[in-house]
Amino acid sequence: MRWSETFIPTLRNDPADAEAASHKLMVRAGLIRQLGSGIYSYLPIGWRVARKAEAIVREEMDAIGAQEFYLPALHPAEVWKESGRWDAIGGEMFRLKDRKDAEMCLGMTCEEIFTFLARDGLNSYKQLPQIWYQIQCKFRDEPRPKSGVLRGRQFTMKDSYSFDKDWAGLDASFDKHAVAYKKIFDRCGIDSIPVEASSGAMGGSESVEFMARSTAGEDWIARCSGCDYSANVERAVSAVEPIVDEPDDAAVEKFPTPGIRTIAALVTFEGGAAADRQIKTLVFMKRTEEGESPVLLLIQGDDELNEVGAIDAVGAGLRPAHEEEIVKALGAKPGSLGAVGVKDIPIYADKRLKGRVGMTTGANHDDHHVRHVSIERDIAVTEWADLRLVRDGEPCTKCGKALELQKAIEIGHIFKLGLRYSESMKASVIDENGKLQPVVMGSYGIGIDRIVAAAIEAHHDDKGIRWPLSLAPYKVVVAPIKLNDDAQREASEKLYGELKALGIEVIYDDRNERPGAKFKDHELVGIPFRVVTGRGLADGQVELYDRYADEKKDVPLAEVVDLLKERLKL
RNA sequence: CGGGGCGUAGCGCAGUCUGGUUAGCGCACUUGACUGGGGGUCAAGGGGUCGAAGGUUCGAAUCCUUUCGCCCCGACCA
């Protein structure tokens with residue numbers, strides 16, 4: 001390719017509306033342009049990179065015996081109603097109607113459609129296992145698109161689905177994916193961290209997220225410094241030191257606390273209590289078939305609520321209560337809430353509170369608190385659960401070493417779905433005994449756009465992108481210093497032709513620009529190697545620049561092709 | 001959905017508070033010349049319904065109303 005004939009619109013400045021390094025660089029290097037919030041066009045260079053990522057994903061999926069499909073992104077509502085997700089999913093599904101007023105949606109994932117195909121086509125256990133996948137456009141009306149393609153409303157995902165006759169089969173399919181995913185990310189130059197995750201609205205029993213550390217990430221993960229424990233903070237637990245309370249068997253005592261509304265304020269209040277001796281009472285509403293009803297969540301005063309932990313304990317359909325609902329449930333406003341003596345409302349308490357005595361909490365009477373609370377004596381706890389977020393430095397439950405909290409990008413997620421879809425949509429096969437059994441399913445996703453962005457997050461410097469060889473849009477750029485110097489131009493063109501003939505992805509920078517301007521572009525776009533024909537040509541020398549080492553050296557023209565082959569591992 | 005910020009040329013911005021020549025600057029772009037090893041110099045150019053609609057005014061990028069869009073924080077999130 002000749003640079004002068006390509007569309008590579010590089011920018012000198014960062015776009016004003018970008019924060020993440022990958023977002024800035026993707027725009028500056030001419031990979032993408034924004035069309036709307038969370039909607040991006042891939043330009044030729046960006047698309048070349050995305051296709052390379054796709055190709056790697058495809059190779060590794062094929063390597064575990066997966067078969068590629070291509071499904072529609074436009075779905076009739078019926079199939080989503082069958083699985084129950086038409087109603088379960090909220091505003092993030094793009095919904096529309098066709099001209100006959102029939103309800104449709106744009107697919108955010110394809111469990112329903114693949115299950116629809118499976119129930120039609122899979123009839124016998126002899127046909128299992130199957131792994132089906134596609135690389136396709138997905139749509140999610142994200143409440144808050146962010147960071148360029150890292151969280152878009154239209155994006156490309158590889159999604160695969162496994163169909164097994166039993167749970168052992170699912171485990172095998174799941175493990176195959178875990179291995180394939182690791183390989184994919186390795187090949188893309190991304191250090192992936194598998195972490196325990198929550199399966200959220202996907203349903204299912206177990207899930208693992210693949211994370212790439214990055215400050216641009218939106219997730220926090222907890223990693224043990226001593227063993228292999230790692231989990232999304234939504235799922236993480238720690239062996240945090242229990243607080244040892246002074247023995248206290250005094251009766252509960254109510255006392256006035258005028259104007260005291262927060263844990264912190266009660267700490268400094270005369271007659272108050274340290275934060276770790278307080279019980280924080282949070283009111284949430286749980287949606288059930290009859291409507292919404294309140295539940296109480298109790299955590300130690302200085303802990304933060306882990307909402308996913310709460311959902312795991314209480315169930316889906318949980319949301320913070322509004323003030324009116326709180327007053328209705330407990331008779332007091334936030335700031336004076338407690339669970340002492342509360343009946344008829346389910347109470348979920350963090351395990352860290354078990355056995356605690358001499359605690360202080362709200363009295364359910366505005367501007368009053370109670371002290372000398374012994375949790376198990378005074379509060380009718382329905383269930384003990386992990387409701388607190390772990391904090392940096394807390395000990396690992398497995399080995400006791402410190403957990404580290406790190407920010408990360410979710411680049412893949414694998415789920416054991418079990419029977420969630422096969423039962424609701426009736427995808428069954430006849431087993432060895434002639435009995436109908438629902439197939440055991442898994443689903444597995446990789447964000448292609450996120451691979452590209454995460455690779456940039458991991459591989460860039462102040463000059464621009466440093467693509468791993470596997471993703472580089474071109475591997476080599478050949479550039480003469482002076483385009484109108486016949487010797488330089490001819491040497492460059494000849495080299496360009498030779499490299500192209502060898503099947504090396506090479507771009508010839510034949511723009512009539514000054515060398516500095518061209519070099520800046522090469523480095524911004526991140527082309528791994530550059531050969532410059534310049535003043536050394538008279539001595540048979542060209543300059544070879546290595547983007548990774550950020551080093552240039554003169555090498556004999558006659559040897560440069562072999563040197564490049566070696567560097568490119570050909 | 002709550003809070004904050006921003007929409008002026010392809011990109012980055014000034015001008016808006018305090019209304020008043022023909023709306024400006026840098027980069028990019030076009031033509032020519034000189035240049036040529038790290039975003040050159042000189043000269044001459046092209047490009048704008050100042051996000052949109054309505055209003056106030058002799059006069060609106062600037063004031064008022066409405067509206068659309070984008071970004072950030074939070075809420076939310078297979």
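Below, chains carry the letters A, B, ... as their sequence lines are ordered, and counting in each starts from 1.
Checking B:C13, B:C77, B:G36 against the side-chain heavy atoms of A:Arg151 singles out B:C77 as nearest. Looking at the side chain of A:Asp17, the nearest of the listed nucleotides B:C70, B:G36, B:C11 is B:C70. Minimum atom distance to the side chain of A:Glu513 is reached by B:C29, of the listed B:C70, B:C29, B:G36. Side chain of A:Glu307, nearest nucleotide from B:C76, B:G36, B:C70: B:C76.
When the P atom of B:G38 is taken as reference, atom CZ of A:Arg511 falls 16 Å away, rounded to whole Å. To the nearest angstrom, C1' of B:C76 lies 16 Å from CE of A:Met93. Atom C1' of nucleotide B:C70 and atom CD of A:Gln34 are separated by 7 Å, given to the nearest angstrom. Computed from coordinates, the A:Arg514 CZ to B:A28 C1' distance equals 17 Å when rounded to whole Å. Atom C1' of nucleotide B:C77 and atom CE of A:Met108 are separated by 9 Å, given to the nearest angstrom. Atom CD in A:Glu92 sits roughly 15 Å away from atom P in B:C1 (whole-Å rounding). Nucleotide B:G69 holds its P atom 9 Å from the CZ atom of A:Arg153, rounded to whole Å. In this structure, the CG atom of A:Leu318 is 10 Å from the P atom of B:C77, given to the nearest Å.
Across all strands, A:Lys146 comes closer than 4.0 Å only to sugar-phosphate atoms, never to a base (heavy-atom distances). Residue A:Pro143 is in base contact, counting any heavy-atom pair closer than 4.0 Å across all strands shown. Heavy atoms of A:Arg319 sit nowhere under 4.0 angstrom from any nucleic acid atom. Using a 4.0 Å heavy-atom cutoff across all strands shown, A:Ser83 reaches no nucleic acid atom at all. Within the 4.0 angstrom heavy-atom criterion, base atoms lie near A:Asn13. Within the 4.0 angstrom heavy-atom criterion, only backbone atoms of the sugar-phosphate kind lie near A:Asp14; the bases stay farther away. Looking at heavy-atom distances under 4.0 Å, A:Pro15 makes contact with sugar-phosphate atoms alone, never a base. Heavy atoms of A:Asn512 sit under 4.0 angstrom from at least one base atom. Backbone-only contact: A:Pro145 has heavy atoms under 4.0 Å from sugar-phosphate atoms and none from a base. A:Gly36 comes within contact range of the sugar-phosphate backbone alone, with a heavy-atom separation under 4.0 Å but no base atom that close. Here A:Val27 lies out of heavy-atom contact (under 4.0 Å) with every strand. Across all strands shown, A:Glu19 has heavy atoms under 4.0 Å from sugar-phosphate atoms exclusively, and none from any base. Nucleic acid contact for A:Lys552: base, since at least one base atom lies under 4.0 Å from a heavy atom of the residue.
The separation of B:C6 from B:U62, taken at their P atoms, amounts to 16 Å, rounded to a whole angstrom. B:A53 and B:G69: their P atoms are spaced 16 Å apart (whole Å). Taking atom C1' in both B:A14 and B:U56, one finds a spacing of 27 Å when rounded to whole Å.
Using Watson-Crick or G-U wobble geometry with both donor-acceptor distances under 3.5 Å, B:G45 finds its partner in B:C29. Shown here, B:C50 forms no base pair; nothing in the strands shown gives a Watson-Crick or G-U wobble contact with both key distances under 3.5 Å. Under the Watson-Crick or G-U wobble criterion, with both distances below 3.5 Å, B:A61 has no partner in any strand shown. Pairing for B:G36 is absent, judged as Watson-Crick or G-U wobble with the two contacts each under 3.5 Å. B:C6 is paired with B:G69 under the Watson-Crick or G-U wobble criterion, all donor-acceptor distances under 3.5 Å. Within the shown strands, nothing qualifies as a pairing partner of B:A75 under the Watson-Crick or G-U definition with both distances less than 3.5 Å.
Not a single donor-acceptor pair, N or O on each side, falls under 3.5 Å between the base of B:C11 and the side chain of A:Arg28. On a pure distance criterion of 3.5 Å, no polar donor-acceptor pair joins the side chain of A:Asp485 and the base of B:G36.
A ring pair (Phe, Tyr, Trp, His ring centres under 6.0 Å) with A:Phe114 is found for one member of A:Phe69, A:Tyr133, A:Tyr70, A:Phe163 and no other, namely A:Phe69. Considering A:Lys176, A:His177, A:Glu68 in turn, A:His177 is the only one that fulfils the side-chain hydrogen bond (donor to acceptor under 3.5 Å, both in side chains) rule with A:Ser160. Of the residues A:Leu495, A:Val531, A:Val506, the one that meets the side chain to side chain contact (heavy atoms under 4.5 Å, CB included) test with A:Leu564 is A:Val531.
Residues in residues 516-536 of chain A take part in these ring-ring contact (aromatic ring centres under 6.0 Å, His included) pairs, two or more places apart or across chains: A:Trp3-A:His522.
Between A:Tyr161 and A:Tyr421, the ring center distance fails the sub-6.0 Å criterion.
The closest donor-acceptor contact from the side chain of A:Gln488 to the backbone of A:Lys482 lies under 3.5 Å.
Taking 4.0 Å as the cut-off between side-chain N and carboxylate O, A:Glu523 and A:Arg530 count as a salt-bridged pair.
Partners of A:Ser192 according to the side-chain contact (heavy atoms from CB on, under 4.5 Å) rule, which considers only residues two or more places apart in sequence or in another chain, are A:Lys182, A:Phe185, A:Phe210, A:Ile411. Residues passing the side-chain contact (heavy atoms from CB on, under 4.5 Å) test with A:Ala385, sequence neighbours excluded: A:Ala313, A:Leu387. Annotation: side chain to side chain donor-acceptor pair (under 3.5 Å) contacts of A:Ser4 (sequence neighbours excluded): A:Asp510. In terms of the salt bridge (charged side-chain N to carboxylate O under 4.0 Å, His left out) criterion, A:Glu92 has no residue partners (sequence neighbours excluded).
Taking for each of A:Gly536 and A:Tyr40 the nucleotide of RNA chain B with the nearest heavy atom, the 5'-most of the two is the partner of A:Gly536. Of the two residues contacting RNA chain B, namely A:Ile39 and A:Thr10, the nearest-nucleotide position lying further toward the 5' end is that of A:Thr10.
Residues from residues 523-530 of chain A lying near RNA chain B, meaning a heavy-atom separation below 4.0 Å, are A:Glu523, A:Arg530 in numerical order.
Residue A:Ser37 has no polar side-chain atom (N or O) positioned under 4.0 Å from OP1 or OP2 of B:G69.
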